[in-house]
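Here is the structure we will look at.
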Amino acid sequence: MDSATTAALAQREGFAVYALSFRYGQRHAAELAAARRVAERLGVARHVVMDIDLRAFGGSALTADIAVPKDRPMDEPGGIPITYVPARNTIFLAFALAWAETIDSSDIFIGVNALDYSGYPDCRPEYIAAFETLANLATRAGTELGRRVTVHAPLVALTKCQIIERGRALGVDFGLTLSCYDPWPDGIACGRCDACALRLKGFREAGLTDPVAYARASTSSAGRR
């Protein structure tokens with residue numbers, strides 16, 4: 001949902017979007033199918049799916065045989081959850097930086113969010129600023145050609161409700177998207193993980209019905225199955 005809205009925002013600002021997704025050893029491939037649907041609907045210039053295998057390291061419920069937490073209260077205090085994949089956004093942004101340099105692009109967009117989110121350290125604005133500094137120190141474009149790289153995180157200060165409202169205004173079809181950490185084998189969202197809970201909360205606060213189906217009924221204004 002966040003990535004689709006970010007891509008639509010970039011297009012509205014006049015950028016030709018080169019979309020990058022990752023098959024990184026996550027516990028399901030449904031999000032890649034969703035990424036392809038979104039890229040096709042938006043008519044991006046190119047969509048690349050990179051293969052890396054973070055299962056070799058594990059350390060996360062998304063890349064190891066660790067249960068995904070379900071039914072956690074959203075106001076429950078705590079540290080970084082087990083669904084955090086170590087250094088994932090740093091790895092993703094490094095690949096994006098390499099691709100950007102090869103196509104003479106100075107702009108990288110990422111759909112991170114630091115308000116309604118799970119508490120991941122690599123979703124915060126200070127992290128984005130630090131990576132942008134790194135990008136301009138680590139590339140030929142930044143050090144020799146004087147082409148400054150900008151890392152755009154247009155959703156970082158928005159709530160999920162605001163992201164949904166922004167996406168709707170841009171014509172994003174959220175029915176094509178998937179947010180679930182642990183979907184069923186047929187790709188249906190579980191409705192119980194942190195990602196589903198945050199998404200459902202956003203739609204509820206926006207007074208809208210989530211167009212995707214869920215594997216169990218919810219008391220929110222979500223699609224039911």
Side-chain angles (χ1 to χ4, degrees), residues 1-7 10 15 17-36 38-39 44-66 68-69 79-114 117-143 147-156 177-183 193-195 198:
M1 186 172 73
D2 297 347
S3 297
T5 301
T6 299
F15 290 94
V17 173
Y18 288 71
L20 182 58
S21 303
F22 292 87
R23 186 181 294 106
Y24 62 91
Q26 62 267 54
R27 61 193 303 128
H28 64 83
E31 67 182 13
L32 292 175
R36 292 188 184 95
V38 171
V44 302
R46 188 180 175 194
H47 180 210
V48 170
V49 178
M50 291 295 302
D51 284 290
I52 53 179
D53 193 358
L54 298 183
R55 290 176 300 181
F57 300 149
S60 168
L62 303 190
T63 57
D65 189 16
I66 301 171
V68 172
I80 298 169
I82 193 61
T83 49
Y84 163 69
V85 179
R88 182 176 63 176
N89 281 345
T90 303
I91 294 166
F92 289 178
L93 281 171
F95 274 85
L97 178 61
W99 193 17
E101 193 165 22
T102 65
I103 61 174
D104 295 329
S105 174
S106 299
D107 297 275
I108 298 171
F109 283 77
I110 183 169
V112 295
N113 170 247
Y117 79 128
S118 296
Y120 301 151
D122 54 1
C123 288
R124 298 171 299 156
E126 53 265 45
Y127 164 76
I128 298 299
F131 190 91
E132 182 175 287
T133 298
L134 177 150
N136 285 289
L137 292 172
T139 57
R140 179 171 179 262
T143 60
R147 192 174 71 230
R148 179 169 179 79
V149 175
T150 300
V151 180
H152 304 261
L155 310 183
V156 71
T177 67
L178 178 74
S179 302
C180 184
Y181 288 145
D182 193 24
C193 68
D194 289 358
L198 287 167

Shortest non-hydrogen contact between [X] and [Y], atoms and distance:
| X | Y | answer |
| --- | --- | --- |
| L178 | E31 | CD2-N, 3.7 Å |
| A141 | E101 | N-OE2, 2.9 Å |
| A7 | V17 | O-CG2, 3.8 Å |
| N113 | C123 | O-CB, 3.6 Å |
| D53 | G25 | OD1-CA, 3.9 Å |

Does the pair I108 and L97 meet the rule for a side chain to side chain contact (heavy atoms under 4.5 Å, CB included), with working shown? CA-CA 7 Å; I108 298 171; L97 178 61; 4.1 Å; yes
Ignoring hydrogens and angles, tell me if any N or O in the side chain of [X] forms a donor-acceptor pair with the backbone of [Y] under 3.5 Å.
| X | Y | value |
| --- | --- | --- |
| D194 | S118 | no |
| D182 | V68 | no |
| Y181 | R27 | no |
| N136 | G142 | no |
| T83 | A61 | no |

How long is the gap from [atom1] on [X] to [atom2] on [Y], to the nearest 0.5 Å?
| X | Y | atom1 | atom2 | answer |
| --- | --- | --- | --- | --- |
| L155 | T6 | CG | OG1 | 3.5 Å |
| H28 | L62 | NE2 | CG | 7.0 Å |
| D107 | H152 | CG | NE2 | 3.5 Å |
| R124 | Y117 | CZ | OH | 6.5 Å |
| S60 | I80 | OG | CD1 | 11.5 Å |
| I103 | R46 | CD1 | CZ | 8.5 Å |

Any side-chain heavy atom of [X] within less than 4.5 Å of one from [Y]?
| X | Y | value |
| --- | --- | --- |
| Y84 | D122 | yes |
| V38 | H47 | no |
| V49 | R36 | yes |
| P81 | Y120 | yes |
| I91 | L54 | yes |

Under the side chain to side chain contact (heavy atoms under 4.5 Å, CB included) rule, what do I110 and F131 come out as? Steps first, then yes or no, please. CA-CA 12 Å; I110 183 169; F131 190 91; over 6 Å; no
Which label fits Y18 and W99: parallel for a plane angle under 30°, tilted from 30 to 60°, or perpendicular past 60°? perpendicular
Ring geometry between F22 and F92 (parallel below 30°, tilted from 30 to 60°, perpendicular above 60°): parallel
Could you please spell out the steps behind the side chain to side chain contact (heavy atoms under 4.5 Å, CB included) verdict for Y127 and T90? CA-CA 9 Å; Y127 164 76; T90 303; 2.9 Å; yes
Counting heavy atoms not belonging to D51, are there more than 12 under 6.0 Å from its CG? yes
Begin from the C-alpha positions of D104 and R147 and carry the test side chain to side chain contact (heavy atoms under 4.5 Å, CB included) through to its verdict. CA-CA 9 Å; D104 295 329; R147 192 174 71 230; 3.7 Å; yes
